[in-house]
Amino acid sequence: MSDLTDKQLGMDRNIARRDFLNGAAMAIGAALVPRSLAAQTPAAGAEQNRPGYNPPVVTGLRGSHPGSFEIAHSLRDGTFWKNAPAPQKLAAEYDLIVVGAGISGLAAAHFARERVPEGKILILENHDDFGGHAKRNEFHLGGKLQLLNGGTMLIDSPTPYSPAAAGGLKKLGIDAVALEKKCTDRSLYRSLGMGSGIFFDRQTFGADRLVLGPRTIEGPESDSGKPQASAWDTFLKQAPLSEAARRDLLRIETQKVDYLPGLSSSEKKNRLSRVSYRDFLLTIAKVDPSVVAFYQTRTNGEWGVGVDAEPALDCWALGLPGFQGMNLEPGAAPRMSYSAAGYANGGSARFHFPDGNASIARLLVRSLIPAAMPGNSAEDVVTAQANYAVLDSPDSPVRIRLNSTVVGVRNLSKEEALDKRVEVIYATGKDVFSVRAGGCVLACWNMVIPYLCPELPESQKEALHYLVKVPLVYASVGLRNWTAFHKLGVSSIHCPGAYWNSAALNWVVDIGDYHSPRSPEEPILLHMSRTPCKPGLSAREQHKAGRAELLITPFEVFERNIRDQLARSLSTGGFDPARDIEAITVNRWPHGYGYEYNPLFDPEWPAGQAPHEIGRKRFGQISIANTDSGATAYTDVAIDQAHRAVSELLS
Ligand SMILES: Cc1cc2nc3c(=O)[nH]c(=O)nc-3n(C[C@H](O)[C@H](O)[C@H](O)COP(=O)(O)OP(=O)(O)OC[C@H]3O[C@@H](n4cnc5c(N)ncnc54)[C@H](O)[C@@H]3O)c2cc1C
C-alpha cells in the first residue's frame, strides 16, 4: 500500500460505483435473498421488465454480483429447502429449457431452433443480465459511449473454430478476420510513443518503480520481433533488481543456451512437461532465486496460477523465455495442456469487440428474439440498445428469464408425465417455481449440477465436482484522461508482484457507430486484472483458495487497491487517483475459466474417462453443455458443447 490517505486516494469521491454489502455476508443463513435486498438490486423477480432496465451500465461489483449466487450457495450448503416456499407450478410448458444464458446456453437455444424451428424454449439465468462470462460493461464518459468486456475478452482460441462454432459465428454475421482488419487499430498507442511497462512494487522488489518494457525503449528489435540485448540492458539498469538477478534475467531473455544438452527435442519436451517453469528457472537454468519474482505471474492471465504451478513446456508454448537455445521442435507434444498444445500449433483467428464476446451473446439474443436487439449486422450490435422488456415475452417462442436460479432438474416418471419430460425448479428473489419441458440443456457451471440433479450417478457427480473453475477479477476503470500514461510512454503495464497483475488502456477499435478515444485528453477506460491464487499449492487448490478470497473481498478493497496501485505506478506522470478516476466496475468471477487439466497435477485419463467426459453424460432428457464440459475456457468450446448437448437430446 502507498503512504497516501484514503482522502488522497479519493476513496470519498462521488464516482460512478455502488457501495455494496459484502456478498458473502449476504449469503449467511439466507436461503433466499431477503426481500429488502432483492428490492435494492436489479435481481428482483420480473425486474427485467422495468422501464430503463439496463444491467451493462450498472457499476460497482459486477461479474457474479450480489444477488446472483446466494440461492445457489444455500442449495450447496443444504439450507435452501429448509426455508424455501413450495414451488408454484407454472402452466406454460416448453420443448426445451436451457439453464444458463451464457454463450453456451444461448448457442444451445440457437441450435435447437435450427433443428426444431417451431420449438418453444425457456432460458433461465441467475444473473441480472444474459451473456454469462461474456459480460458487457458500458460507460458514458464525458457523454461518450465507452465499452469494455467484463469477462470474455475476445474471439481467440488455441485451435481454429470448429465447423459448428465457425458456422454459428458466420450465421450471426461475424467474420473475425475481416473485422480485425477493418476495425482494430494496433498502431495508435505506438504512434503516440507509448508501449508496455513493468511496475515493480516495493513489497516484492524493494522499491516502487515503473520501468518501460524492453520492447519500447531504444534499440532495434531482432528479426524475430524480440527486443535485442541492448534494449534489455537498458531496461535492467533501471529495474530495482540485484546484480545477480539482472545478469541472469539477461541470460534467460537474450542468450541461446541449451540447458538440457545431449537430449533430443522430444526428450527435452518430456522433461520440461514434468517441471514447473519456476523449477526450470531455478534447477535447470540455475538462475538467482530473485529472478523468479519477475516471472511469477506471467501465466496468471492464461491459467489463473503462477509459474510455480505451470509446466515449463506449456510456458515455452506461451512464449516465455529461456528456451531459445534449446532447439525444441515447433509444435505440440504429449503432456501439454489443451491451451499450450493448441497455441503451439497456431491458434484461431482473433478479434476483440469493444465489449468483448458480449457482442456474440447479443447477436445470439438477436437471432433468438429479434425485437430484443435492434439492427442487422455484427457492427451495429455494438451500439444497439437492448430491450430487456421483451426478453421474457409470452408471445415469443424463445424467452430469457433473468434473476432466476435453477435449484432442481429431474426426469419425470411415467406416472408423472405421459411422454418423456423434465421438471425444472427455479427460484427468484421471492418465489420458487416449477416448470416442465420436453428436455433440458444444463449450460450452467458443471460443478453446480450435482446439487441440481441429486439423482445423477455418484461417479458422475464426483466427476463434475472435479472441475474447479478458475477465479479472476476484471476491473473496468473510467479515467478522466490518459495524459499521465502518455507522458510516461506506457499504454499497458505488467505488475509482477502487485495486487492487480496488469493495467492496460482500452483496445482501439472503431466499429459501426462506436469510436475509441484517440487523444490523451479524452476520457478512456482502463482494464485491470487480478487472478487470486496461493502459490505452492496444486492448481485446483489454488483456484479454491482464490475463490474463497474473492467471496470475502468487499468492493472497497478492490477500489482502494486500484487507486493505490495507479497512484504508485503513474504519479510521476501526474496521475492523481482522487481527481482522475471517474467510475469503477469490478467484475468478480469466483467461477471463472473452465478448468483445464494441468500436466503437473492431473493424471492422464484413458480415453473417455476424464472427469469432464464422465461428468457431461446425458441423463435421460437432461444433457450438459458449457465450456466446463469441454474442460477448457473458450467461446468456441462453449458453442461446440452446446451443439453436442442439443444433438444428444434430439438424437
Ligand atoms: C474473465 C474471463 C475472461 C475470459 N476471456 C475469454 C476470451 O477472451 N476468449 C474466450 O474464448 N473465452 C474467454 N473466457 C472463457 C469463457 O468462459 C467462455 O468463452 C464462454 O464465455 C463461457 O460460456 P459458457 O456459456 O460456457 O459459460 P458462462 O458464460 O459461465 O455461462 C453459464 C451461465 O450459467 C449460469 N448459471 C450457473 N448456475 C446456474 C443456475 N443454477 N441457474 C441459472 N443459471 C445458472 C451462470 O451464472 C452463467 O451466467 C473468459 C472467461 C472469464 C471468466
Side-chain angles (χ1 to χ4, degrees), residues 62-65 68-69 71-73 75-76 80 97-109 122-135 148-159 161 165 169 176 301-302 304 339 347-348 350-353 356-358 360-361 364 400-409 424-428 440-453 469-475 527 529-531 587-596 624-630 632-642 645:
R62 300 293 294 156
S64 285
H65 55 78
S68 67
F69 58 87
I71 293 172
H73 284 186
L75 188 70
R76 175 202 63 195
F80 177 79
I97 293 178
V98 177
V99 180
I103 285 182
S104 198
L106 296 169
L122 173 66
I123 306 174
L124 295 166
E125 166 60 45
N126 60 325
H127 287 84
D128 61 14
D129 203 356
F130 57 80
H133 292 154
K135 190 178 280 287
L148 242 179
N149 53 291
T152 311
M153 187 180 286
L154 74 162
I155 295 172
D156 168 40
S157 187
T159 56
Y161 274 44
L169 255 51
E302 185 65 36
S339 291
S348 74
R350 286 165 64 98
F351 178 64
H352 169 84
F353 283 99
N357 289 1
I360 299 181
L364 281 165
I400 301 177
R401 194 162 297 160
L402 303 171
N403 307 308
S404 302
T405 305
V406 172
V407 292
V409 181
V424 175
I425 301 179
Y426 69 92
T428 64
C440 178
V441 172
L442 295 173
C444 54
W445 301 330
N446 280 197
M447 75 291 304
V448 175
I449 293 172
Y451 303 105
L452 307 186
C453 307
K469 285 174 96 67
V470 178
L472 298 116
V473 194
Y474 279 5
H527 169 79
S529 78
R530 168 171 173 76
T531 37
N587 300 278
R588 172 184 65 171
W589 298 111
H591 303 277
Y593 295 161
Y595 184 67
E596 194 173 291
I624 297 176
N626 193 282
T627 44
D628 289 342
S629 52
T632 191
Y634 296 96
T635 295
D636 55 331
V637 176
I639 299 172
D640 287 340
Q641 293 303 321

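Each ligand, and each atom within it, is numbered from 1 in the order the structure gives. Keep in mind that the numbers below use all heavy atoms, side chains included, and drop hydrogens, waters and symmetry copies.
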Write out the residue and atom name of the closest protein heavy atom to [atom], then the distance separating them to 0.1 Å.
atom                    : value
atom 34 (O) of ligand 1 : Gly100 CA, 3.3 Å
atom 12 (N) of ligand 1 : Ala633 O, 3.3 Å
atom 16 (C) of ligand 1 : Thr152 OG1, 3.5 Å
atom 38 (N) of ligand 1 : Cys444 CB, 3.4 Å
atom 31 (O) of ligand 1 : Gly102 CA, 3.4 Å
atom 30 (O) of ligand 1 : Trp445 NE1, 2.6 Å
atom 17 (O) of ligand 1 : His133 ND1, 2.7 Å
atom 23 (O) of ligand 1 : Ala638 CB, 3.7 Å

Run the side-chain contact (heavy atoms from CB on, under 4.5 Å) test against Ala645 and tell me which residues pass, sequence neighbours left out.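 Residues passing side-chain contact (heavy atoms from CB on, under 4.5 Å) with Ala645: Val441, Ser623, Ala625.
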
So, does [X] sit close enough to ligand 1 that a heavy atom of it is under 4.0 Å from the ligand?
X      : value
Ala361 : no
Gly151 : yes
Ala72  : no

Who gets closest to [atom] by heavy atom: [options]?
atom                    : options                : result
atom 47 (O) of ligand 1 : Val99, Leu154, Asn126  : Asn126
atom 40 (C) of ligand 1 : Ile155, Val406, Thr635 : Val406
atom 5 (N) of ligand 1  : Arg350, Met153, Glu125 : Met153

Val99 and Cys440, any side-chain heavy atoms less than 4.5 Å apart: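 Result yes, sub-4.5 Å side-chain heavy-atom pair found.
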
Does some side-chain heavy atom of Tyr426 sit less than 4.5 Å from a side-chain heavy atom of Arg401?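 Yes, at least one pair of side-chain atoms sits under 4.5 Å.
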
Counting from 1, what ligand 1 atoms have a heavy atom of [X] closer than 4.0 Å?
X      : answer
Asn626 : 24 (P), 26 (O), 27 (O), 32 (C)
Asp156 : 11 (O)
Tyr593 : 2 (C), 3 (C), 4 (C), 50 (C), 51 (C), 52 (C), 53 (C)
His127 : 47 (O), 49 (O)

Distance-only N or O hit between ligand 1 and [X], under 3.5 Å:
X      : result
Ser104 : yes
Gly150 : no
Thr405 : no
Tyr474 : no

With side chain to side chain contact (heavy atoms under 4.5 Å, CB included) as the criterion, how do Ser104 and Ile639 come out once you've worked through the C-alpha distance, each side chain's angles and the decisive distance to 0.1 Å? CA-CA 5 Å; Ser104 198; Ile639 299 172; over 6 Å; no

Any chance you could lay out the side-chain hydrogen bond (donor to acceptor under 3.5 Å, both in side chains) test for Tyr634 and Thr159, step after step, and finish with the verdict? CA-CA 10 Å; Tyr634 296 96; Thr159 56; over 6 Å; no

Is a salt bridge present between Lys469 and Asp628, judged by a nitrogen-to-oxygen distance below 4.0 Å?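 The answer is yes: the pair qualifies as a salt bridge.
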
Work out which heavy atom in Ser404 is nearest to a heavy atom in Thr428; give both atom names and the distance.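 What the structure gives for the nearest pair is OG-CG2, 4.0 Å.
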
Restricting to ring-ring contact (aromatic ring centres under 6.0 Å, His included), what partner residues turn up for Tyr451, sequence neighbours left out?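 His465.
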
Between CG on residue Asn587 and CZ on residue Arg62, distance to nearest 0.5 Å: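 These two atoms lie 8.0 Å from each other.
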
Rounded to the nearest 0.5 Å, how far apart are CD of Glu302 and OG1 of Thr531?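 Reported to 0.5 Å precision, the distance equals 11.5 Å.
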
